[in-house]
Amino acid sequence: MKDQVRVRFAPSPTGGLHIGGVRTILFNYLFAKQNNGKFILRIEDTDQSRFVEGAEDYIFSCLEWCGIKADESPRDGGEYGPYRQSERKSIYREYAEKLVEAGYAYYAFDTSEDLESKRQVTENFRYDYNSRQTLRNSLTIPHEAAESLVKGGAPHVIRIKMPKDENISFTDMIRGDITFHSSEVDDKVLLKADGMPTYHLAVVVDDYLMKITHAFRGEEWLPSAPVHLLLWKYFGWEKEMPQWAHMPLILRPDGHGKLSKRDGEKFGFPVYPINWYDKNSNFKSDGFKETGFIPEGFINMLAMLGWNDGTDQELFSMEQLIEHFSLDRIHKGGAKFDYEKAKWYNGEWIKQLDLSALLQPVKAIMNYHGIHNFEDEYLAKVIDMVKERCQLLSEFHHQGAFFFNAPEKYDTNSVVPKWSEEKKAFFMAFADKLQSANLTESAAIEAKFKELVTEHKLKIGDVMLPFRIMLVGDKFGPAVFDIAATIGTEETKNRIYKALEVFHLHHTNS
RNA sequence: GGCCCGUUCGUCUAGGGGUUAGGACGUUAGAUUUUCAUUCUAGAAACAGGGGUUCGAUUCCCCUACGGGCUACCA
């Protein structure tokens with residue numbers, strides 16, 4: 001009987017969480033849910049110097065917006081806590097010492113400055129099986145001396161002692177067999193001088209203690225995998241080692257490197273799920289949410305960046321993703337981010353989502369633009385009329401504003417050059433008839449409109465566009481008679497009169 | 001530089017020893033919508049190169065090229 005599936009995502013609160021991380025979260029989550037397993041969120045805050053206030057809150061907010069809930073986390077608790085590594089500090093030293101006792105690790109007394117100057121002098125300097133013989137550590141100085149240095153509180157780190165000549169292999173769930181040679185890997189620091197573990201130690205100890213069964217992370221971790229593999233072996237936990245899966249990276253649209261936080265501004269699209277602001281560095285970046293994405297579209301887009309189910313289906317809900325997801329269908333190569341396609345996914349979801357899911361966010365957008373005082377029912381009608389022409393939630397304002405307020409500006413160029421007294425007379429007659437006949441249905445308004453067109457010996461094509469400009473201000477929007485019916489005859493009449501003045505003004509001026 | 005990973009239309013990708021190399025985004029043309037968008041139809045558009053293996057390679061192997069990642073007391 002296989003143990004219960006337990007996966008984890010372990011961000012460090014050093015900044016916002018960008019979409020690469022969110023995709024790793026998503027794949028973790030899908031895999032966990034599919035296998036009735038647990039998804040754990042662990043905060044890797046072992047680098048105190050890079051801690052950014054608000055980053056942890058931000059991570060939780062992103063999760064919430066995405067509709068992903070951790071089963072265990074600093075917020076949700078769980079039986080394997082604490083889930084913040086800073087709160088687990090005391091655990092790591094003990095494990096590191098065990099390694100030293102067993103001869104798999106050693107104390108090193110070189111300061112960062114010492115090593116820095118080494119790097120200046122020796123090109124490609126590495127703390128490894130070779131150079132460690134010449135450096136200050138418990139392998140080069142007498143045992144007792146090293147012991148007393150450590151006991152006396154001398155600053156030191158604990159480093160893994162990489163074997164000189166050993167092949168280290170493992171099978172990655174996405175990439176297959178991968179082999180490294182131990183001589184190519186340096187003696188990574190396991191425990192830092194401040195007593196905090198590095199990622200290398202912490203990830204192994206915590207994955208073990210938290211009974212993680214499958215470990216997903218970005219491809220950038222591949223080169224340090226041999227360190228982790230060896231650690232699992234040295235601790236004697238090989239049988240409990242999780243299966244590894246190294247995800248392909250999300251690349252910049254131009255292919256030059258992995259997508260990073262600054263690229264949002266550079267290429268003009270969001271890279272963070274929701275707005276991120278780092279007050280330390282005064283760094284600010286717009287989120288997908290605020291740009292107008294809905295969670296369904298965002299999640300769908302992310303999932304398809306590097307994964308597909310082998311069919312032509314491209315639109316997946318979270319439930320469908322959980323059902324269809326499989327690791328062996330994750331592409332190996334990195335994926336360049338394509339914002340146009342991202343918007344397309346969102347547009348598809350806007351089209352097929354229930355009104356109930358759209359109402360509140362669109363309402364917020366309208367309010368943001370100063371449009372208040374309307375019934376939900378009215379907004380619902382508007383949403384229904386314009387949603388097929390919106391890929392982003394934010395577009396609802398442009399596409400729907402004229403349902404609430406008369407246009408301020410008119411595309412007079414489309415109307416004025418061909419304007420005439422006959423047309424003006426027609427519209428005045430039409431406005432009057434609208435009210436007296438009490439027309440409320442789109443079809444009835446259209447019928448009356450056409451009837452009057454004939455009476456005035458005009459062509460319908462001559463007055464359709466002007467009518468649209470009168471109501472909308474521009475050449476876009478749903479069927480013009482539907483708009484008239486929606487805003488009502490009174491308002492339609494008012495807009496006709498208002499526009500008539502504007503058209504007249506421009507006409508006489510030109 | 002060293003090591004590791006990768007490479008199918010511009011982009012995301014399907015496929016896999018014999019296919020007209022499929023889909024989607026974007027793009028082009030047309031139809032519909034007396035606007036715009038939607039929708040529909042059609043089109044252009046790809047197996048990085050060279051060697052093998054094979055009757056036959058885009059597919060398997062090797063090399064090269066290109067791209068990416070890592071190379072911290074950061075994750």
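Residue numbers begin at 1 in each chain, while the letters A, B, ... track the order of the sequences.
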- Quick one: label K459(A) by what it contacts on the DNA or RNA (base, sugar-phosphate, nothing), any heavy atom closer than 4.0 Å. nothing

- Item | Assigned partner base of G6(B), Watson-Crick or wobble definition, under 3.5 Å | C66(B)

- Query: Are OP1 or OP2 of A75(B) and a side-chain N or O of R50(A) less than 4.0 angstrom apart?
  - Reply: no

- Would you indicate what A479(A) reaches in the nucleic acid, counting non-hydrogen atoms under 4.0 angstrom: base, sugar-phosphate, or nothing? base

- Message: Donor-acceptor check, side chain of E97(A) to backbone of E94(A), threshold 3.5 angstrom: yes or no?
- Response: no

- Consider the side chain of R175(A), meaning its heavy atoms from C-beta on, and name the nucleotide among G6(B), C12(B), A75(B) that approaches it most closely. G6(B)

- Paired to A44(B) by Watson-Crick or G-U wobble criteria (both distances under 3.5 Å) is none

- Write down the distance separating the C1' atoms in U39(B) and A45(B), rounded off to the nearest Å. 24 Å

- Task: Check every atom of G68(B), U38(B), G26(B) against the side chain of E388(A) and return the nucleotide holding the closest atom.
- Result: U38(B)

- So what does A193(A) hit on the nucleic acid, given a heavy-atom distance under 4.0 Å: a base, only sugar-phosphate, or nothing? base

- Note on the structure: Taking A24(B), U38(B), C73(B) as options, the one with an atom nearest any side-chain atom of E314(A) is A24(B)

- Item | Minimum-distance nucleotide to D338(A) side chain [options: A75(B), C25(B), C5(B)] | C25(B)

- Query: Can you tell which of U71(B), C70(B), C3(B) lies closest to the side chain of E184(A)?
  - Reply: C3(B)

- Query: What nucleic acid atoms does E219(A) come within less than 4.0 Å of, heavy atoms only: base, sugar-phosphate, or nothing?
  - Reply: base

- Query: Reckon M464(A) touches a base, only the sugar-phosphate, or nothing at all at heavy-atom distances under 4.0 Å?
  - Reply: base

- What does G1(B) pair with, Watson-Crick or G-U, if both distances are under 3.5 Å? U71(B)

- Indicate whether the side chain of Y127(A) and that of D110(A) have a donor and an acceptor atom separated by less than 3.5 Å. yes

- Message: Distance check, P atoms only: U58(B) and G67(B), in whole angstrom units.
- Response: 24 Å

- Parallel, tilted or perpendicular: which describes the rings of F267(A) and F269(A), with under 30° parallel and over 60° perpendicular? parallel

- Query: Are any of K258(A)'s side-chain N or O atoms less than 4.0 Å away from OP1 or OP2 of C70(B)?
  - Reply: yes

- Which is true for T14(A) with a 4.0 Å heavy-atom rule: it touches a base, it touches only sugar-phosphate, or it touches nothing? nothing

- Let me know, please, whether R329(A) or E446(A) comes out on the 5' side of the other along RNA chain B by nearest nucleotide. R329(A)

- Whole-angstrom distance between U64(B) and G23(B), as gauged at atom C1': 33 Å

- For A48(B) versus G6(B), give the span between their P atoms, rounded off to a whole number of Å. 15 Å

- Message: Regarding F180(A), tell me which of base, sugar-phosphate or nothing describes its non-hydrogen contacts under 4.0 Å with the strands shown.
- Response: sugar-phosphate

- Message: Can you tell me if N308(A) touches the phosphate of A14(B), counting only side-chain N or O atoms and a distance under 4.0 Å to OP1 or OP2?
- Response: yes

- Should the pair H456(A) and F426(A) be assigned to parallel (<30°), tilted (30 to 60°) or perpendicular (>60°) ring geometry? perpendicular

- Message: Please report whether the ring centroid of F467(A) lies less than 6.0 Å from that of F430(A).
- Response: yes

- Message: Side-chain N or O of H331(A) versus OP1/OP2 of A14(B): is the shortest distance under 4.0 Å?
- Response: yes

- Would you kindly give the CG-to-C1' distance between D309(A) and G15(B), to the nearest whole Å? 14 Å

- Query: So what does G218(A) touch, heavy atoms closer than 4.0 Å: a base, only the sugar-phosphate, or nothing?
  - Reply: nothing

- Message: Would you say K341(A) places a side-chain N or O within less than 4.0 Å of OP1 or OP2 belonging to U13(B)?
- Response: no

- Note on the structure: Walking RNA chain B from its 5' end, the first of N124(A) and S112(A) to be reached, judged by nearest nucleotide, is N124(A)

- Pairing partner (Watson-Crick or G-U wobble, both distances under 3.5 angstrom) of U11(B): A24(B)

- Which is true for D110(A) with a 4.0 Å heavy-atom rule: it touches a base, it touches only sugar-phosphate, or it touches nothing? base

- Message: Considering every strand and a 4.0 Å limit on heavy-atom distances, what is the contact class for P248(A): base, sugar-phosphate, or nothing?
- Response: nothing

- Item | T46(A) vs A75(B): side-chain N/O to OP1/OP2 distance below 4.0 Å | yes

- Message: For a quick test of reading the model: is some side-chain N or O of K332(A) closer than 4.0 Å to OP1 or OP2 of G68(B)?
- Response: no

- Distance between P atoms of C63(B) and C3(B) (Å, rounded): 13 Å

- Message: Whether the side chain of R159(A) engages the backbone of R132(A) through a donor-acceptor N/O pair (distance < 3.5 Å, no angle test) should be reported.
- Response: no

- Which nucleotide in A75(B), U13(B), G68(B) has an atom nearest any side-chain atom of D47(A): A75(B)

- Item | Separation between the P atoms of C60(B) and G18(B), rounded to whole Å | 11 Å

- Look at all strands and tell whether G333(A) reaches a base, only sugar-phosphate, or nothing, counting heavy atoms closer than 4.0 Å. sugar-phosphate

- For I178(A), answer base if it contacts any base atom (sugar-phosphate contacts may also be present), sugar-phosphate if it contacts only those atoms, and nothing otherwise; contact means non-hydrogen atoms under 4.0 Å. sugar-phosphate

- Query: C1' atom, G49(B) versus C73(B): distance in rounded Å?
  - Reply: 45 Å

- Residues L379(A), V362(A); criterion side-chain contact (heavy atoms from CB on, under 4.5 Å); working and verdict: CA-CA 8 Å; L379(A) 179 63; V362(A) 175; 4.1 Å; yes

- Just say parallel, tilted or perpendicular for the rings of H398(A) and F476(A), cut-offs at 30° and 60°. parallel

- Message: Please determine whether a side-chain nitrogen or oxygen atom of H256(A) lies at a distance below 4.0 Å from atom OP1 or OP2 of G68(B).
- Response: yes

- Message: Return the pairing partner of G18(B) with a 3.5 Å limit on both distances, Watson-Crick or G-U wobble; otherwise return none.
- Response: C55(B)

- Short side-chain to backbone donor-acceptor contact, D384(A) and A380(A), under 3.5 Å: no

- Query: Using a cut-off of 4.0 Å on non-hydrogen atoms, how would the nucleic acid contact of R468(A) be classed: base, sugar-phosphate, or nothing?
  - Reply: base

- Query: Nearest to the side chain of K192(A) - C25(B), C73(B), C36(B)?
  - Reply: C73(B)

- Kindly indicate whether a cation-pi arrangement holds for K261(A) with F283(A), taking the cut-offs as under 6.0 Å to the six-membered ring centre and within 45° of the axis. yes

- How is G461(A) classified with respect to the nucleic acid when contacts are heavy atoms under 4.0 Å: base, sugar-phosphate, or nothing? base

- Check every atom of U35(B), C73(B), C25(B) against the side chain of V157(A) and return the nucleotide holding the closest atom. C73(B)

- Message: Does C73(B) have its OP1 or OP2 closer than 4.0 Å to a side-chain nitrogen or oxygen of R119(A)?
- Response: yes

- Using the P atom as the reference point in each nucleotide, state the distance between G30(B) and A14(B) in Å, no decimals. 34 Å

- Message: Just the rounded figure in Å: distance from P of A72(B) to NZ of K188(A).
- Response: 6 Å

- Note on the structure: Per atom distances to the P223(A) side chain, the nearest of C70(B), U71(B), C73(B) is C70(B)

